[in-house]
Amino acid sequence: MEFSRAIKIAPSILSADFANFGAECRAIEAQGADWVHVDVMDGHFVPNLTFGPATCAAIRPHIKGVMDVHLMIAPVDPFIDAYAAAGADVITAHLEAGPHIHRTLQAIRNTGKKAGLALNPGTGIDAVTHLLDMVDLVCVMTVNPGFGGQKFIHSQVDKVRSLRAIIGDRPIHIEIDGGVTVETAPLVAAAGADVLVAGSAVFKGGSVSDPAPYGANIRAIRAAAEAAV
Ligand code: DX5
Ligand code: ZN
């Protein structure tokens with residue numbers, strides 16, 4: 001994984017056909033997705049349940065590029081090795097998921113994977129200052145985690161701008177997760193984000209048997225974001 005600040009579109013398979021993950025992953029990559037975003041939920045840290053490590057391992061062979069695993073689970077530490085073994089390239093944990101985020105990020109780095117730090121909309125960026133040497137990605141949640149298809153929270157754009165200033169020249173991605181559309185992508189791209197997660201806005205109108213809309217949606221989001229940088 002070579003570092004670049006170019007805009008990357010990361011479709012979330014939370015909006016995919018749950019009976020068809022392998023084909024959906026192949027379809028979004030063929031249609032121009034840069035990363036594949038996998039939303040792991042535990043029904044405890046967030047009010048929804050999704051994928052275990054076995055599902056991640058099963059879809060891994062269907063992804064050529066980056067598998068971006070977003071852990072919305074608490075505790076995190078007991079499951080890091082399992083998601084690393086399942087083939088994640090990036091493993092992101094929430095600051096709010098436990099008392100020892102420094103230890104968690106260390107544990108992720110120890111697996112050889114890229115370490116991501118996710119921040120809920122109500123969380124400030126002070127902690128990031130003390131973790132800059134520990135993270136490869138900071139994920140700014142622009143919805144409250146748990147569900148796809150929610151409305152973008154505009155107050156987070158200023159957070160992205162401040163984060164971008166703190167990161168400076170360091171090779172740390174800024175990822176945006178939640179409510180990314182053609183309308184909101186330019187706002188966060190202009191503020192300094194480079195990885196745009198999008199679920200409903202990528203999968204809308206398409207299917208495995210008719211994947212062309214995925215491509216049109218990805219190109220539209222990318223074009224809107226790039227025009228704002
Ligand atoms: C929210 C997830 C997001 C979500 C994005 O808890 O982390 O990745 O699926 O979905 P949209 O793009 O529909 O807001
Ligand atoms: Zn996510």
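Numbering of residues begins at 1 and proceeds along the displayed sequence. Order of listing sets the numbers, starting from 1, for every ligand and every atom in it.
When you scan the N, O or S atoms of D39 for the one nearest the Zn ion (ligand 2), you land on OD1. The Zn ion (ligand 2) sits nearest to atom ND1 when only the N, O or S atoms of H70 are considered.
The Zn ion (ligand 2) has no N, O or S atom of C139 inside 2.8 Å of it.
For the 3.5 Å distance criterion, the side chains of S12 and S15 fail to qualify, holding no donor opposite an acceptor. Donor-acceptor pairing under 3.5 Å is recorded for the side chains of H70 and H94. Of the N and O atoms on the side chains of D39 and H37, at least one donor lies less than 3.5 Å from an acceptor on the other residue.
Electrostatic pairing of D136 and R170 does not count as a salt bridge here, judged by no charged N lying under 4.0 Å from a carboxylate O.
Using a distance-only test at 3.5 Å, with no hydrogens or angles considered, no donor-acceptor pair links the side chain of K113 to the main chain of Y83.
Considering CD of E24 and CD1 of I59, their distance stands at 11.0 Å, rounded to 0.5 Å. Here the CD1-OG1 distance, from I166 to T129, works out to 4.0 Å after rounding to the nearest 0.5 Å.
In this structure, NE2 of H37 and OD2 of D177 enclose an angle of 100° at the Zn ion (ligand 2), rounded to 10°.
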From CA spacing to verdict: side-chain contact (heavy atoms from CB on, under 4.5 Å), E175, V140:
CA-CA 6 Å; E175 178 176 76; V140 176; over 6 Å; no
Tabulation required: pairs of a nitrogen or oxygen in ligand 1 and a protein nitrogen or oxygen under 3.5 Å; columns are atom names and distance to 0.1 Å; otherwise 'none'.
{"from": "ligand 1", "atom 1": "6 (O)", "to": "G146", "atom 2": "N", "distance (Å)": "2.7"}
{"from": "ligand 1", "atom 1": "7 (O)", "to": "D39", "atom 2": "OD1", "distance (Å)": "2.9"}
{"from": "ligand 1", "atom 1": "7 (O)", "to": "H70", "atom 2": "ND1", "distance (Å)": "3.3"}
{"from": "ligand 1", "atom 1": "7 (O)", "to": "D177", "atom 2": "OD2", "distance (Å)": "2.9"}
{"from": "ligand 1", "atom 1": "8 (O)", "to": "D39", "atom 2": "OD1", "distance (Å)": "3.2"}
{"from": "ligand 1", "atom 1": "8 (O)", "to": "D39", "atom 2": "OD2", "distance (Å)": "2.6"}
{"from": "ligand 1", "atom 1": "8 (O)", "to": "D177", "atom 2": "OD1", "distance (Å)": "2.5"}
{"from": "ligand 1", "atom 1": "8 (O)", "to": "D177", "atom 2": "OD2", "distance (Å)": "3.1"}
{"from": "ligand 1", "atom 1": "9 (O)", "to": "S12", "atom 2": "OG", "distance (Å)": "3.3"}
{"from": "ligand 1", "atom 1": "9 (O)", "to": "D39", "atom 2": "OD2", "distance (Å)": "3.2"}
{"from": "ligand 1", "atom 1": "12 (O)", "to": "G199", "atom 2": "N", "distance (Å)": "2.7"}
{"from": "ligand 1", "atom 1": "13 (O)", "to": "G149", "atom 2": "N", "distance (Å)": "2.7"}
{"from": "ligand 1", "atom 1": "13 (O)", "to": "S200", "atom 2": "N", "distance (Å)": "3.1"}
{"from": "ligand 1", "atom 1": "13 (O)", "to": "S200", "atom 2": "OG", "distance (Å)": "2.5"}
{"from": "ligand 1", "atom 1": "14 (O)", "to": "G179", "atom 2": "N", "distance (Å)": "2.8"}

